[in-house]
Amino acid sequence: MATMKRVPPPDCPPELPISALIPMALPRPRPEPAPVGDLPPVTVDGADVAVLVIARLNPSGQISVRTLLPALGWTPGERIAFTVERRCIVVAATDHRGRALGTGGLLVLPVAARRMCAFPSGSQVLVAALPDAGVLVVHSIGVIARQLARRHGQIVRSRDGHPT
């Protein structure tokens, strides 16, 4: 016995999912990345030398430095200026000519400085607050990782009896 294929009439609309059974996906905002966490202050002889935070650049070039502001005595609205030194962005308080530090401790890194330091959107950076110098220094995690890899290689070689 041959089976016949069911053909819908020509004036029938195409089949669509029934929304009561299969609801349409709702638009949701993209979640913020999970915080990486703060690192303990680096101290020498009991004095804070640096306070460190790992941050991620958002698409607008912003990073959160809220937890570093007290170490520098800065508040949102503080006027700041940027320089690039040795592929790091250095942020220092300045007079009225600088940019204002964002509310909530958001720091917008200038696009030219990000390009000079090769900080693409979404990349992680190490931010060091240096209270004695009154500056923030933004480092590439990739550069820090390479420096640590060299140091770790020296440690491993010295443990194996090889001179460093």
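Predicted, not measured: the structure shown is a model, and the values here were computed from it.
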Q: Kindly compute the distance separating NE2 (H139) from CZ (R86), expressed to the nearest 0.5 Å.
A: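 Going from the NE2 atom of H139 to the CZ atom of R86 covers 11.5 Å.
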
Q: Would you say V127 and I63 make side-chain contact, with heavy atoms under 4.5 Å?
A: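 Yes. Closest side-chain heavy atoms under 4.5 Å.
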
Q: Ignoring hydrogens, what is the shortest heavy-atom contact between E78 and A93? Give both atom names and the distance.
A: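 Smallest interatomic distance, heavy atoms only, reads OE2-CB, 3.9 Å.
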
Q: Are side-chain N/O atoms of Q62 and S60 paired as donor and acceptor at under 3.5 Å?
A: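 There is no such pair (donor and acceptor under 3.5 Å, judged by atom type) between the side chains of Q62 and S60.
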
Q: Could you go through the side-chain contact (heavy atoms from CB on, under 4.5 Å) check for V84 and C117 one step at a time?
A: CA-CA 8 Å; V84 174; C117 296; 3.6 Å; yes

Q: Is V125 reachable from L69 through a run of I, L, V, M, F, W or Y residues, each pair having side-chain heavy atoms under 4.5 Å apart?
A: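 Result: yes, single cluster for both.
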
Q: Are the side chains of W74 and L68 in contact, using a 4.5 Å heavy-atom criterion?
A: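 No, every pair of side-chain atoms sits at 4.5 Å or beyond.
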
Q: Any side-chain heavy atom of V91 sitting closer than 4.5 Å to one from V65?
A: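 In short, these two side chains do not touch, never coming nearer than 4.5 Å.
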
Q: Is there a donor-acceptor pair closer than 3.5 Å between any side-chain N or O of R79 and the backbone N or O of D95?
A: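 No, because the side chain of R79 does not come within donor-acceptor range (under 3.5 Å) of the backbone of D95.
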
Q: Within this structure, what is the CG-CG distance for the pair L101 and L106, rounded to the nearest 0.5 Å?
A: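 Atom-to-atom, L101:CG and L106:CG are 8.5 Å apart.
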
Q: I need the R56 CZ to I141 CD1 distance, nearest 0.5 Å.
A: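 Answer for the CZ-CD1 pair, R56 versus I141, is 9.5 Å.
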
Q: Decide yes or no on side-chain contact (heavy atoms from CB on, under 4.5 Å) for V90 and F82, but give the supporting numbers first.
A: CA-CA 6 Å; V90 180; F82 301 86; over 6 Å; no

Q: Do you reckon L126 sits in the same ILVMFWY cluster as L148, going by side-chain contacts under 4.5 Å, direct or chained?
A: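 The answer is yes; both residues are in one hydrophobic cluster.
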
Q: Could you walk me through whether S123 and L57 pass the side-chain contact (heavy atoms from CB on, under 4.5 Å) test, one step at a time?
A: CA-CA 6 Å; S123 64; L57 279 166; 3.6 Å; yes

Q: Is I54 reachable from L52 through a run of hydrophobic residues whose side-chain heavy atoms are each under 4.5 Å from the next?
A: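 Yes: a chain of side-chain contacts under 4.5 Å links L52 to I54.
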
Q: Side chains of Q154 and R157: any donor to acceptor distance under 3.5 Å?
A: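 No, because no side-chain N or O of R157 sits under 3.5 Å from a partner of the opposite role on Q154.
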
Q: Quick check: closest heavy atoms across P131 and A50, and the distance to 0.1 Å?
A: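 In this case the closest contact between P131 and A50 is CD-CA, 4.4 Å.
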
Q: Tell me the closest heavy-atom pair linking R66 and G104, and the distance in Å.
A: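 Of all heavy-atom pairs spanning R66 and G104, the closest is CB-O, 3.6 Å.
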
Q: Is there a side-chain contact between P120 and R114 in this structure, where contact means two heavy atoms from C-beta onward sitting under 4.5 Å apart?
A: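 Heavy-atom side-chain distance check fails, nothing below 4.5 Å.
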
Q: In sequence, state the C-alpha distance, the side-chain angles, and the governing distance for L107 and I80, and then conclude on side-chain contact (heavy atoms from CB on, under 4.5 Å).
A: CA-CA 10 Å; L107 177 65; I80 53 175; 3.2 Å; yes

Q: Calculate, to the nearest 0.5 Å, the distance between atoms CD and OG belonging to Q147 and S140 respectively.
A: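 That separation rounds to 9.5 Å.
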
Q: Could you tell me which non-hydrogen atom of L72 sits nearest to which non-hydrogen atom of L130, and how far apart they are?
A: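 Closest pair (atom of L72, atom of L130, distance): CD2-O, 3.7 Å.
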
Q: At their closest point, which heavy atom of A113 faces which heavy atom of I89, and how far apart are they?
A: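 Here A113 and I89 meet closest at CB-CD1, 3.8 Å.
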
Q: Of all the heavy-atom pairs spanning S64 and A55, show the shortest one and how long it is.
A: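 For S64 and A55, the tightest heavy-atom pair comes out as O-CB, 4.3 Å.
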
